[in-house]
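Computed from heavy atoms alone, side chains included, the values below leave out hydrogens, waters and symmetry copies. Protein chains get the first letters and strands the later ones, always in sequence-line order, with residue 1 at the start of each.
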Number of protein chains: 2
Amino acid sequence: MAHNHEALLKNIKADMPADELLQDLGDLFKIFGDTTRIKIMYALYEDEMCVCAIADLLSMTQSAISHQLKALKAANLVSSRREGKTVYYRLADEHVKSIIAQGYEHITE
Amino acid sequence: MAHNHEALLKNIKADMPADELLQDLGDLFKIFGDTTRIKIMYALYEDEMCVCAIADLLSMTQSAISHQLKALKAANLVSSRREGKTVYYRLADEHVKSIIAQGYEHITE
DNA sequence: ATAACATATGAACGATTGCTCATATGTTCA
DNA sequence: TGAACATATGAGCAATCGTTCATATGTTAT
C-alpha cells in the first residue's frame, strides 16, 4: 500500500471513535436501512399503533411486522405497551424523527 | 387480519410519503448501515483523503475501499477529485455529518 | 377449561451484501 | 512507448437479511 501518510493517519486515528461505537452506529443505521421498517416508523410518526393495524396498513403479514418490530425495539427505536390482547407500538424518542428527517432532506434536495 | 382500523388507516395512508420515496430513504440509510462505510465517513469528517490513505487507516485492501467509495458516491454522500494519479474523496455535504451526529446521540445517551 | 383473538418466535429459504482476487483503466515519468 | 503507481471494476463466494410458514404465548370472555 501506497504513498506516505503516516503523519496524517496518526491524527485521524486519534480522532476516530472507538471501533465498538462505530460498529454500534452501523448497526443502528442498518435498522433504518429497510423500506418496511421505514414505513413502520413513518406510520408511528404521529401516534401509536397496534401490530395488526400496521400489518393492515402495509399489506403485510402480522408475522413479518412482528419480526421487524422486534428489531426496532432491540435498537430502542420503538417502545410498546400492552392493552388486553393488543400491543401498541410507538416511536421511542425524537431521534428517530430527526434521523429520518435528515435523510429525507438529503434525498429531496 | 384483525380488528377494525379503517378510519385510522385512511388518515395515515394519506400522510405517508410515496412508496418510491420511502424506498429511496431506506436505500440511503442502508449505506450508513455498514461499519466500513461509517469509518470512511468518519475519516473524511475533517478533511478529504485519498483512497490509499483510507485503506491504510482502516487496514483494508484498496479494492474493498474503492468498492465502498463507489457506493458512497452513488448515494451522493461523498464526492471526489483527481490530482494526478491520486483521487481524493470528501464528504458531499453537511447532511452526512448531521445524520451521523443524530445516530451518535441516539446510541450514547 | 376452552375457544377466539392478538402477538411473538424459531426454522428455513431465497435474495442481497461485502469482501477477495484478478485484471482493467488512468496518470506520470523516464 | 513502457514501467510504475493509484484507482476502478467484474465475478465469485461466504455471510447476513427479510420474508413465510407453522406454531407457541398471552389475554379475554363464555
Side-chain angles (χ1 to χ4, degrees), chain A residues 1-5 8-9 22-24 26-41 43-44 48-75 77-90, chain B residues 1-5 8-9 19 22-23 26-41 43-44 48-75 77-90:
Chain A
M1 214 163 291
H3 58 263
N4 195 19
H5 351 258
L8 172 68
L9 293 191
L22 295 168
Q23 174 81 50
D24 290 348
D27 289 345
L28 172 67
F29 285 121
K30 207 168 285 173
I31 302 296
F32 285 88
D34 174 78
T35 308
T36 299
R37 288 189 293 264
I38 289 278
K39 284 180 180 174
I40 292 175
M41 290 187 272
L44 301 178
E48 64 179 12
M49 227 188 231
C50 70
V51 178
C52 64
I54 300 172
D56 202 353
L57 176 68
L58 306 190
S59 304
M60 292 180 64
T61 65
Q62 173 270 319
S63 177
I65 299 302
S66 201
H67 277 296
Q68 298 296 21
L69 284 168
K70 190 180 186 182
L72 288 165
K73 198 171 188 180
L77 298 177
V78 303
S79 63
S80 63
R81 70 181 179 87
R82 179 179 275 273
E83 192 178 312
K85 288 176 277 187
T86 308
V87 177
Y88 292 93
Y89 283 82
R90 69 175 67 216
Chain B
M1 217 163 289
H3 57 262
N4 194 17
H5 351 261
L8 172 67
L9 294 192
D19 258 49
L22 295 169
Q23 174 82 49
D27 289 345
L28 173 68
F29 285 121
K30 207 168 283 173
I31 302 295
F32 285 88
D34 174 77
T35 308
T36 300
R37 288 189 294 264
I38 290 280
K39 284 180 181 175
I40 293 175
M41 290 186 271
L44 302 178
E48 64 179 12
M49 229 189 231
C50 70
V51 178
C52 65
I54 300 172
D56 202 352
L57 176 69
L58 306 190
S59 304
M60 292 180 63
T61 65
Q62 173 270 319
S63 177
I65 299 301
S66 201
H67 277 296
Q68 298 296 21
L69 285 168
K70 190 180 185 181
L72 287 165
K73 197 170 186 180
L77 297 177
V78 303
S79 63
S80 63
R81 71 183 178 87
R82 178 179 277 274
E83 191 178 312
K85 288 176 277 188
T86 309
V87 177
Y88 292 94
Y89 282 82
R90 70 175 66 222

Rounded to the nearest 0.5 angstrom, the SG-CG distance for A/C50 and A/D56 is 9.0 Å
In 5'-to-3' order, the base (B), backbone-only (S) or no-contact (-) status of each nucleotide in nucleotides 12-18 of chain D, using a 4.0 angstrom heavy-atom cut-off, is -----SS
Does the A/R37 side chain pair with the main chain of B/G26, one donor and one acceptor, at a distance under 3.5 Å? no
Winner on side-chain proximity to A/H67, out of D/dT7, C/dG10, C/dA8, is C/dG10
Atom CG of B/D56 and atom C1' of D/dT7 are separated, to the nearest Å, by 15 Å
Here the distance between atom C1' of D/dT20 and atom CG of A/L58, to the nearest Å, is 16 Å
Separation of C/dT7 atom C1' from A/M49 atom CE, nearest Å, is 17 Å
Please state whether the base of C/dT9 and the side chain of A/S63 form at least one donor-acceptor pair under 3.5 Å? yes
From CD1 of A/I54 across to P of C/dT7 the rounded distance in Å is 9 Å
Here the gap from B/I40 atom CD1 to B/T35 atom OG1, rounded to the nearest 0.5 Å, amounts to 11.0 Å
Hits for salt bridge (Lys or Arg N to Asp or Glu O under 4.0 Å) against A/D34, two or more places apart or cross-chain, chain-then-number order -> none
Separation of C/dA6 atom P from A/E48 atom CD, nearest Å, is 17 Å
In this structure, CD1 of A/I54 is separated from OG1 of A/T36 (nearest 0.5 Å) by 11.5 Å
Reckon B/Y89 touches a base, only the sugar-phosphate, or nothing at all at heavy-atom distances under 4.0 Å?
sugar-phosphate
Separation of C/dA6 atom C1' from A/L69 atom CG, nearest Å, is 13 Å
Separation of D/dA24 atom P from A/K70 atom NZ, nearest Å, is 16 Å
Sequence neighbours excluded, the answer for salt bridge (Lys or Arg N to Asp or Glu O under 4.0 Å) partners of A/R82 is none
Which of D/dG10, D/dT7, C/dA6 is nearest the side chain of A/T86? It is C/dA6
Here the gap from A/I31 atom CD1 to A/L77 atom CG, rounded to the nearest 0.5 Å, amounts to 7.0 Å
B/V51 has its side chain closest, among C/dT7, C/dG10, D/dT7, to D/dT7
Sorted by chain and number, sequence neighbours left out, side chain to side chain donor-acceptor pair (under 3.5 Å) with A/S79 holds for none
Does the D/dA6 base have a donor-acceptor partner in the side chain of B/Q62 within less than 3.5 Å? no
A/L72 CG to C/dT9 P, in whole Å, measures 14 Å
Protein N or O to nucleotides 25-27 of chain C N or O, pairs below 3.5 Å:
none

B/F29 meets the ring pair (Phe, Tyr, Trp, His ring centres under 6.0 Å) criterion, sequence neighbours left out, with A/F32
